[in-house]
Amino acid sequence: MGKNTTITDLPENLPEHIGFIMDGNGRWAKKRMMPRKFGHVEGAKTFKKIVRYCRDIGIRCISFYAFSTENWKRPDDEVHAIMNLFRQYIDECRQYFLEETRIVFLGDKSVLADDLRQKMIDIENDTKDYHEMTLLLAINYGGRDEIVHAAKTAALKVKSGEISADDITEDLFSRYLYTADYPDVDLLIRPSGEMRLSNYLIWQCAYSEFYFSDVLWPDFTPDELKKALVEYAGRSRRFGGV
């Protein structure tokens, strides 16, 4: 689908930031009597399709839960395959340069392999001045871990005298999160039939609209996303008001 393609039946009220929990890759492969890592390969194809679609319809910010701090507990061969996919992800993401897409990684890079960490740093630097769309990829990310990291940052600033404890507000605290420069999640989408956040952007999803689907991630299509957007447009977001 090209950039100038007219997309029919799309609501006018689109979210600024859509978050995706890419769930169901392993189950998709298991249903087909294949290794779990094959499901991640297929899930990567879906990732590219959804990024392209979001770019085409003008979504300003999209985030994907790619690998959590808890995912290290998975079998070594599956983790190894996922890390290799990330290397491929990053190389392929360079095709978005011409479309002015900024790429940012959320999470703790320090425990990742040196070559993967360097790829992440390089692509963040190379796209830092792009503003048409922002693609956030959460790798070795956990919501509680992020909040603890932010709290430690605030505590150190209080200790050094840069700020006082009374200066700490929700707005100030948000500046110490990985997502400091980006809007909170308007619409959080989780396929695969699971109905939980799984420690993903728990601060940023405080007032998100949730959309759950039974479709496994490798089968998630732009049409499935359109269903979520239509439902989102029909909801009343009051943010605690009336």
Side-chain angles (χ1 to χ4, degrees), residues 1 7-25 43 46-68 70 101-102 104-107 131-139 141-147 150 169-171 173-175 177-242:
M1 180 164 48
I7 300 174
T8 59
D9 302 324
L10 204 60
E12 293 184 7
N13 178 27
L14 294 176
E16 183 177 8
H17 180 177
I18 305 176
F20 295 90
I21 298 178
M22 299 185 289
D23 194 18
N25 292 335
T46 296
F47 161 78
K48 288 186 285 186
K49 292 175 185 176
I50 295 301
V51 170
R52 177 70 64 181
Y53 182 75
C54 287
R55 173 77 175 56
D56 284 346
I57 65 176
I59 303 299
R60 300 290 297 170
C61 184
I62 52 176
S63 59
F64 293 84
Y65 203 7
F67 192 85
S68 75
E70 292 75 35
T101 298
R102 185 177 187 181
V104 178
F105 295 93
L106 312 178
H131 302 291
E132 182 114 354
M133 185 176 79
T134 299
L135 168 60
L136 306 174
L137 281 169
I139 297 178
Y141 172 88
R144 289 182 175 181
D145 180 73
E146 178 185 28
I147 291 171
T169 61
E170 288 186 15
D171 180 64
F173 190 81
S174 294
R175 299 178 201 171
L177 298 172
Y178 295 129
T179 55
D181 297 326
Y182 310 105
D184 285 346
V185 178
D186 296 304
L187 173 63
L188 189 283
I189 296 174
R190 180 168 190 160
S192 86
E194 304 294 349
M195 303 177 72
R196 55 180 177 268
L197 281 177
S198 294
N199 203 21
Y200 184 53
L201 297 178
I202 53 181
W203 176 282
Q204 299 86 342
C205 285
Y207 283 101
S208 301
E209 296 297 321
F210 294 166
Y211 181 87
F212 300 108
S213 167
D214 290 332
V215 176
L216 300 176
W217 177 251
D219 292 327
F220 195 85
T221 64
D223 282 342
E224 289 295 329
L225 175 52
K226 186 189 288 188
K227 292 177 186 177
L229 294 174
V230 169
E231 183 164 324
Y232 170 85
R235 296 184 186 179
S236 175
R237 304 187 72 201
R238 295 183 295 276
F239 300 95
V242 294

Enter the distance from Tyr211:OH to Arg190:CZ here, rounded to the nearest 0.5 Å.
15.0 Å
Min side-chain heavy-atom separation Val51-Leu135 under 4.5 Å:
yes
Specify the closest pair of heavy atoms between Gly142 and Tyr65, including all atoms of both residues, with the distance to one decimal.
CA-OH, 4.5 Å
Working to the nearest 0.5 angstrom, can you tell me the gap between Met22 CE and Ile189 CD1?
12.5 Å
Rounded to the nearest 0.5 Å, what's the gap from CG on Asp184 to CG on Leu177? Could you check?
9.0 Å
Give a yes or no on whether a salt bridge exists between Glu209 and Arg235, defined as a side-chain N under 4.0 angstrom from a carboxylate O.
yes
Would you say that Ile59 contacts Arg55 through its side chain, given a criterion of any heavy-atom pair below 4.5 Å between the two side chains?
no
Distance in Å, Asp219 CG paired with Thr46 OG1, rounded so as to fall on 0.5 Å steps
7.0 Å
Enter the distance from Met133:CE to Ile62:CD1 here, rounded to the nearest 0.5 Å.
4.0 Å
Taking the side chain as every heavy atom from C-beta outward, state whether Glu146 and Thr179 have any pair of such atoms under 4.5 Å apart.
yes
Nearest non-hydrogen partners of Leu197 and Ile21, listed with the distance:
O-CD1, 3.5 Å
Within the 4.5 Å heavy-atom criterion, are Ser68 and Tyr200 side-chain neighbours or not?
no
Do Leu229 and Leu10 touch side chain to side chain, with heavy atoms closer than 4.5 Å?
yes
Please confirm whether Trp217 and Phe47 have ring centers closer than 6.0 angstrom.
no
Any ion pair linking Asp223 and Lys227 (charged N to carboxylate O, less than 4.0 Å)?
no
Looking at every non-hydrogen atom in both residues, tell me the closest pair between Gln204 and Tyr141 and how far apart they are.
OE1-OH, 4.1 Å
Nearest heavy atoms of Tyr53 and Pro222, plus distance in Å
CD1-CB, 3.6 Å
Begin from the C-alpha positions of Arg102 and Tyr182 and carry the test side-chain contact (heavy atoms from CB on, under 4.5 Å) through to its verdict.
CA-CA 11 Å; Arg102 185 177 187 181; Tyr182 310 105; 3.3 Å; yes
Donor-acceptor contact present, side-chain Glu16 to main-chain Asp186, <3.5 Å
no
Any non-hydrogen side-chain atom of Leu201 less than 4.5 Å from a side-chain atom of Leu106?
yes
Distance in Å, His17 NE2 paired with Leu136 CG, rounded so as to fall on 0.5 Å steps:
5.5 Å
Applying side-chain contact (heavy atoms from CB on, under 4.5 Å), run through Asn199 and Glu70 and close with a yes or a no.
CA-CA 9 Å; Asn199 203 21; Glu70 292 75 35; 3.6 Å; yes
Please determine whether salt bridge (charged side-chain N to carboxylate O under 4.0 Å, His left out) holds for the pair Asp56 and Arg52, giving the CA-CA distance in whole Å, both sets of side-chain angles, and the decisive distance to 0.1 Å.
CA-CA 6 Å; Asp56 284 346; Arg52 177 70 64 181; 5.4 Å; no
Min side-chain heavy-atom separation Cys205-Phe210 under 4.5 Å
yes
CA sep, side-chain torsions, deciding dist, call: Ile18, Tyr232, side-chain contact (heavy atoms from CB on, under 4.5 Å)
CA-CA 11 Å; Ile18 305 176; Tyr232 170 85; over 6 Å; no
Before accepting this row, confirm whether a basic side-chain N of the pair Arg60/Glu132 lies closer than 4.0 Å to the acidic partner's carboxylate O.
no
Dump the intermediate steps for side-chain contact (heavy atoms from CB on, under 4.5 Å) on Ser192 and Phe220, then the final yes or no.
CA-CA 9 Å; Ser192 86; Phe220 195 85; over 6 Å; no
Can you say whether the rings of Phe20 and Phe64 are parallel (under 30°), tilted (30 to 60°) or perpendicular (over 60°)?
parallel
Between Pro11 and Ala233 the two heavy atoms that sit nearest each other are CB-CB, 3.5 Å
May I ask you to decide if Val185's main-chain N or O and Ser208's side chain share a donor-acceptor pair within less than 3.5 Å?
yes
Heavy atoms only: give me the nearest Gly143-Ile202 pair and the separation to one decimal.
C-CD1, 3.8 Å
Is any side-chain heavy atom of Glu231 closer than 4.5 Å to one of Lys226?
no
